[in-house]
Amino acid sequence: MVIVGAQWGDEGKGKVTDLLAERADVVIRFQGGNNAGHTIIRDGETFKFHLIPSGILYPGKICAIGNGVVIDPGVLNGEIEGLRQRGIDVSGLRISANAHLIMPYHVLLDTAGELKLGKLEIGTTRRGIGPCYADKAARLGIRVQDLLDEKILRKKIMAAMEPKAQMLRPFAKDPMLDLHTMTEAYMTYGHRLEPYIADTARLCWDALDRGATVLFEGAQGTMLDLDHGTYPFVTSSNPVSGAACIGAGVGPADIDEVWGIAKAYATRVGAGPFPTELEDELGERLRERGGEVGTTTGRPRRCGWLDLVALRYAVRLNRMTSLVLTKLDVLSGINPLRLCVRYRHAEGAVFTEFPYHQSIIHSVEPEYLELPGFEGDIGGCRSEQDLPREARDYLSAISDHTGVPVVLAGVGPGRDQVCWIGETGALRPAA
Ligand code: GDP
Ligand code: IMO
Ligand code: MG
């Protein structure tokens, strides 16, 4: 079962993964890196995961970081240590030996690239994600398994830095770029991570072969996909469901379900087109009520109405079987509610499908369907019947326009603050 972001990230994938992980035997992250920030609030305690899969709060649950993820080993070590200090059992963690490593020069080059772009910046998380995936494609990457052999590690670092000499010249005095220091630091990380290094693809096959459930946890969101998103304002990996196969090492026939996670409205961090963005008081209200501040970088998130043109595009790209709508509670008291059903271009053209041309996406105006809003605190609702009729109608309209059933709605950040919709009993957590 694959969990993917259906918008621009931060849809609540962490919360949904945590919820479904109870019934899963393996949870595996398949792409992205510590640009991700997945929040889980359990019994009032907040956890933010950047690399570790969101199933780790179940003691002993196998939680794998797949080959498709890029790992900053310092960040991963910090995350492991932080969990241990909070008394969380991390014995179920597994790290793919084939996953690529984010190196100090990747982080420096990410920032340098953004500074060079100036006003045209992408607004990356500056975690070195793009340069690391670029090295992977150029076959200059350094992988987790390389941490286990000092000679190989040193050689590979030299080979990777050599073509970057000119770009790295401004950082020549940075102690972290010293070959000896870097090799030593990464060998130390390697020693700490060694107990968790494994063949994570085989681990998935074994689970699938015995009929167990594997949950593939995506990071980022469909509209940030390197191939299908709003390029170049995208991340450097593929957050769509198909990438679960590549990033974990399974085949398409191993996947039964694809759950797309969307907010009941829309947000985006960083630059790039966002047709339904609200740059007014209402946008500010959504930001404030939804606590819309980036989990990783602390940047305010841009807010807007739910965009069904983009969501239908995400439904098709991921071949979604179900939709989850989080943060429905945030819309309470807003009347009317709006859903973008088509775009209109200045020259009169109407788009009901997501346009492929970047200049068009930048200049379209959204056209909305208006629906009556609902009032009151819905944070205590636990079933479809508990929700106000207008809230149910809002969810139905989304299902109707996307052709995908909404199976779950979020009514608050807490783990139990969800309402199951329709006949999805078999997937509900046992507790
Ligand atoms: P992810 O990156 O997709 O895992 O999402 P993030 O954790 O970055 O951002 C989602 C934010 O919304 C987190 O702060 C969650 O605690 C919060 N959240 C998730 N579901 C709900 C919900 O149904 N209602 C409210 N109010 N907050 C939610
Ligand atoms: P989760 O998994 C939201 C955005 C950045 C920037 C673009 C490229 O928490 O949903 P990158 O550092 O990846 O090169 O930045 O992608 N971005 C995210 N936005 N949620 C995320 O992850 C994101 N990861 C990257 O803001 O616009
Ligand atoms: Mg996030």
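Both ligands and their constituent atoms are indexed starting at 1 by order of listing.
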Test of proximity, [X] against ligand 1: N or O pairs below 3.5 Å:
{"X": "G412", "value": "yes"}
{"X": "T326", "value": "no"}
{"X": "G9", "value": "no"}

[atom]: which of [options] has the nearest heavy atom?
{"atom": "atom 5 (C) of ligand 2", "options": "A219, G123, G270", "answer": "G123"}
{"atom": "atom 8 (C) of ligand 2", "options": "N35, V234, T125, L224", "answer": "V234"}
{"atom": "atom 26 (O) of ligand 2", "options": "R299, R29, R268", "answer": "R299"}

Next on the checklist: I'd like to check which ligand 1 atoms, numbered from 1 as shown, lie under 4.0 Å from a non-hydrogen atom of G410.
Outcome noted: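 Those of ligand 1 that fall under 4.0 Å from G410 are 23 (O).
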
Next on the checklist: Rounded to the nearest 10°, what angle sits at the Mg ion (ligand 3) between O of G37 and OD1 of D10?
Outcome noted: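 Approximately 160° at the metal, rounded to tens of degrees.
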
Item to check | Pairwise side-chain contact, I361 with F351, heavy-atom cut-off 4.5 Å (strictly under) | outcome: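 When only atoms from C-beta onward are counted, F351 and I361 do not touch, as no gap falls below 4.5 Å.
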
Checklist entry - Backbone or side chain, does A219 get an N/O/S atom under 2.8 Å to the Mg ion (ligand 3)? => result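 No - counting backbone and side chain alike, A219 has no N, O or S atom under 2.8 Å.
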
Next on the checklist: How far is atom 13 (O) of ligand 2 from the closest protein heavy atom, and which atom is that?
Outcome noted: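 Checking every protein heavy atom, the shortest distance to atom 13 (O) of ligand 2 gives T235 OG1, 2.6 Å.
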
Next on the checklist: Quick check: G37 and ligand 2, any N/O pair under 3.5 Å apart?
Outcome noted: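 The answer is yes, given that G37 and ligand 2 share an N or O pair closer than 3.5 Å.
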
Checklist entry - So is G37 in contact with ligand 1, going by heavy-atom distances below 4.0 Å? => result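 Contact check G37 vs ligand 1: positive.
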
